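Heavy-atom basis, side chains included; hydrogens, waters and symmetry copies ignored. Naming convention: chains lettered A, B, ... in sequence-line order (proteins, then strands); numbering from 1 in each chain. Everything quoted here is computed from the prediction, not taken from an experiment.
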2 protein chains.
Amino acid sequence: MSATTNAENLRADSARVRARMLAAARERIAAGDLDLPMNAIAKAAGVGVGTVYRHFPTRQALLESLAAQSLENLVAVAVAAAREPDVGSGLAALLRAGMRIQLSDPALAEVLSTIDAAGDETADLSRDLAAAITTLLDRARTEGAIRPDLTADDLRRLLCGLQHAVRIGAVDDADRYLDILLAGLRP
Amino acid sequence: MSATTNAENLRADSARVRARMLAAARERIAAGDLDLPMNAIAKAAGVGVGTVYRHFPTRQALLESLAAQSLENLVAVAVAAAREPDVGSGLAALLRAGMRIQLSDPALAEVLSTIDAAGDETADLSRDLAAAITTLLDRARTEGAIRPDLTADDLRRLLCGLQHAVRIGAVDDADRYLDILLAGLRP
DNA sequence: ACCTGAACACCGTTCAAGT
DNA sequence: ACCTGAACACCGTTCAAGT
């Protein structure tokens, strides 16, 4: 077999191993544990602990990989919201989706709250998210639909905060709390 | 010396040791670390690790002891706010103080967010806090100053959430965010 | 009674040795 | 090149032995 084939095999194997580690981490998170012990993940994925470190040099890197899909979903929602003809509906839809996705993926909730410490790929997505939100807020500001001083970063942080308020109690208060935030954002 | 004197000496010594452990824990928190490793606290306080466990059976118990003073301050503010003639001023003062005290004491921020898991003393203070807030909200509701469905627990959680929103970014956004929440609470 | 700290289990992290 | 897992440091927690 050629060198190329070998490299591809290695990459395929590496991808499989990576998927196994992420699955093991997700299992722990689903069980309510955001601890992500590297040794335990290695054992559950059937690899040496050094392999976990090779793929995910830090706990933050692992978290970001776990949250990547959810973050992409959120970016897509924000882009769509920025294009929504009714800017008020767009803003409401964005906040609702941001809450829903964070509640369904605790890794995203943590990544979204610590986005300043993000690696390259997460930082890229974060920029896309901020750009879409800025577009939406600019439109809303022009229409007089929101406080003039509100930035994309404000909206992200307030959404993270609201998620925290929901999470420390009953999840079915989410809609009421979103309503309170939306009302508070008006000028 | 009498048995009473001995008991008093023991108590005085115990209190001194307790204070030393709390001071050691506070030093770590002040250094930005909410980890509170029991072994490290024992070493810093010059006691055996078993003594730390005797005084604080769980990390939660230690956190609550660290936050007790701050929580008492918050309760006092809430009681005063409930008596404030201008109910709007009372509500604003309570939220501002809740934010300020949480920001100055990360242990309180965590205890306030996990108040359901509280021990007896913290639970007592929590009840006092809830009672004072309920009094304030009842008055505000009668005057039509707030949404009718808002409970004391909602206010606590929203305040915890807002603290989180502030903490993950610049602290000087606190006043703007409080303004947004206050606006959102109106009917 | 209260305190000490050794002891055990476990996790983070590195790195020499294997393939 | 990539992976393994032993090794070391550290933390949580218990409990037999001391005072």
Check your understanding: Rounded to whole angstroms, how far apart are CD1 on A:Ile41 and C1' on C:dC10?
Key -> 15 Å

Check your understanding: Taking atom P of C:dC3 as reference, at what distance in whole Å does atom CZ of B:Arg18 sit?
Key -> 12 Å

Review point. CG of A:Leu63 versus C1' of C:dG12: gap in Å, rounded?
Key: 15 Å

Point to revise | More than 12 heavy atoms from other groups under 6.0 Å of CD on B:Glu27 | key: no

Review point. Quick one: CG on A:Leu34 to CD1 on A:Ile29, what's the gap to the nearest 0.5 Å?
Key: 5.0 Å

Check your understanding: Dot-bracket, DNA chain D: Watson-Crick or G-U, under 3.5 angstrom, [ ] crossing, | other strand?
Key -> ||.|||||...|||||.||

Revision key, fill the gap. Atom NE2 of B:His55 and atom P of C:dA1 are separated, to the nearest Å, by 16 Å

Check your understanding: What's the spacing between A:Met99 CE and A:Leu178 CG if we round to 0.5 Å?
Key -> 4.5 Å

Point to revise | For A:Arg59, salt bridge (Lys or Arg N to Asp or Glu O under 4.0 Å) partners two or more places apart | key: A:Glu110

**Study point:** Any pair counted as salt bridge (Lys or Arg N to Asp or Glu O under 4.0 Å), so long as it reaches residues 74-87 of chain A, sequence neighbours left out
**Key:** none

Exercise for review: Take A:Arg54 and B:Asp35, find for each the nucleotide of DNA chain D with the closest heavy atom, and name the residue whose nucleotide sits nearer the 5' end.
Suggested key: A:Arg54

Exercise for review: Give a yes or no on whether B:Glu121 atom CD has more than 12 heavy-atom contacts from other residues, nucleotides or ligands under 6.0 Å away.
Suggested key: no

Practice item. With sequence neighbours left out, write down each residue that passes side chain to side chain donor-acceptor pair (under 3.5 Å) with A:Arg147, or none if nothing qualifies. Key: B:Asp179

Review point. Counting any heavy atom closer than 4.0 Å, what does B:Val17 reach on the DNA or RNA strands: base, sugar-phosphate only, or nothing?
Key: nothing

Point to revise | With sequence neighbours excluded, residues passing side chain to side chain donor-acceptor pair (under 3.5 Å) with A:Asp33 | key: none

Practice item. For each nucleotide in nucleotides 13-19 of chain D, reading 5' to 3', give B when a protein heavy atom comes within less than 4.0 Å of its base, S when such contact involves only the sugar-phosphate, and - otherwise. Key: BB-----

Practice item. Write down the distance between CZ (A:Arg16) and P (D:dC3), rounded to a whole number of angstrom. Key: 12 Å

